[in-house]
Amino acid sequence: VRVTESGGGLAQVGDSRRLTCTVSGGTFSQYAMSWFRQVPGKEREFVAAISAEAFSFEYADSVRGRFTISRDNAKKSVYLDMNSLKPEDTAVYYCNCNLAPFLDTRPTDYWGQGTQVIVSS
């Protein structure tokens with residue numbers, strides 16, 4: 001399983017941005033997926049998760065109501081739509097693949113390389 005993120009970049013406060021994660025190998029439609037983020041000097045933190053069939057979702061309190069996780073199993077992709085961006089959303093965002101269908105906020109070893117999001121005021 002190979003995980004690849006894209007969509008990061010520089011944004012302004014209040015902007016919206018979409019991150020995309022694409023998975024190759026394995027059977028994507030059977031995998032729950034998650035997004036995490038990390039800033040220098042801090043542990044990687046959970047952001048959002050979605051079950052394999054998109055029946056279940058979970059969000060960190062810090063992003064609930066602003067971020068939306070979704071997926072397109074035909075495209076083997078999961079998305080993170082980020083709205084009302086804040087400076088504290090600045091981080092490297094990582095996609096995580098759970099080789100099981102049920103939502104789980106705990107990460108596995110299947111990470112992408114990360115995509116940097118910088119929110120400037």
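Just so you know, these numbers come straight off a predicted model, no measurement behind them.
There is a path of hydrophobic side-chain contacts, each under 4.5 Å, that joins Val13 to Phe67. A continuous path of ILVMFWY side-chain contacts below 4.5 Å connects Phe57 to Val47, so both sit in one hydrophobic cluster.
Using modelled atom types, no side-chain atom of Asn96 and backbone atom of Trp35 make a donor-acceptor pair closer than 3.5 Å. Under the 3.5 Å distance criterion, the side-chain polar atoms of Thr108 are matched with a main-chain donor or acceptor of Cys97. The backbone N or O of Val119 sits less than 3.5 Å from a side-chain atom of Thr90, completing a donor-acceptor pair. Distance alone, capped at 3.5 Å, is enough to place a donor-acceptor pair between the Asp72 side chain and the Lys75 backbone. In this structure, the side chain of Ser34 does not engage the main chain of Ala49 through any donor-acceptor pair within 3.5 Å.
At most 12 non-hydrogen atoms from other residues, nucleotides or ligands lie less than 6.0 angstrom from CZ of Phe102. The number of heavy atoms from other shown groups lying within 6.0 Å of CZ (Arg64) is above 12. Open room surrounds CD on Glu43; 12 or fewer heavy atoms of other groups in view lie less than 6.0 Å from it.
Heavy atoms only, all atoms of each residue included: Ala32 and Pro101 are closest at CB-O, 3.7 Å. Leu10 and Ser120 get closest at one heavy-atom pair: CD1-CB, 4.1 Å. Closest heavy-atom contact between Gly8 and Thr115: N-OG1, 3.0 Å.
In this model, a donor atom of one side chain and an acceptor atom of the other lie less than 3.5 Å apart for Ser16 and Asn83.
Using a 4.0 Å cut-off between charged side-chain N and carboxylate O, Arg71 and Glu53 make no salt bridge.
Among residues two or more places apart in sequence or in another chain, the disulfide bond (SG atoms under 2.5 Å apart) test is passed with Cys95 by Cys21. Residues passing the ring-ring contact (aromatic ring centres under 6.0 Å, His included) test with Phe46 are Phe36, sequence neighbours excluded.
Taking CD1 from Ile69 and OH from Tyr79, the interatomic distance works out to 12.0 Å, rounded to the nearest 0.5 Å. The CE atom of Met33 lies 9.5 Å from the CD1 atom of Ile50; values are rounded to the nearest 0.5 Å. Going from atom CD of Gln30 over to atom CG of Asn98 covers 12.0 Å, rounded to the nearest 0.5 Å.
With contacts defined as side-chain heavy-atom distances shorter than 4.5 Å, the pair Leu19/Val117 qualifies. Between Tyr93 and Met82 there is a side-chain heavy-atom pair separated by less than 4.5 Å. Between Val39 and Glu45, every side-chain heavy-atom pair lies at or beyond the 4.5 Å cut-off. With contacts defined as side-chain heavy-atom distances shorter than 4.5 Å, the pair Val3/Trp111 does not qualify. Under the 4.5 Å side-chain criterion, counting only non-hydrogen atoms from C-beta, Thr4 is in contact with Gln113.
For residues 5-24, the salt bridge (charged side-chain N to carboxylate O under 4.0 Å, His left out) pairs, not counting sequence neighbours, are Arg18-Asp81. The salt bridge (charged side-chain N to carboxylate O under 4.0 Å, His left out) analysis of residues 89-109, with sequence neighbours excluded, yields the pairs Arg37-Asp89, Arg66-Asp89, Asp104-Arg106.
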Given Val1 and Leu99, is the side chain to side chain contact (heavy atoms under 4.5 Å, CB included) satisfied, shown in steps? CA-CA 9 Å; Val1 171; Leu99 301 186; 3.9 Å; yes
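Within the cation-pi definition used here (under 6.0 Å to the ring centroid, within 45° of the axis), Arg44 qualifies as a partner of Tyr94.
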Show every donor-acceptor pair shorter than 3.5 Å between a side-chain atom in residues 22-29 and any protein atom, with sequence neighbours excluded, or say none if there are none.
residue: Thr22; atom: OG1; partner: Ser77; partner atom: OG; Å: 3.3

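When hydrophobic side chains of Ile, Leu, Val, Met, Phe, Trp and Tyr are connected at separations under 4.5 Å, Phe55 ends up as a singleton with no cluster partners.
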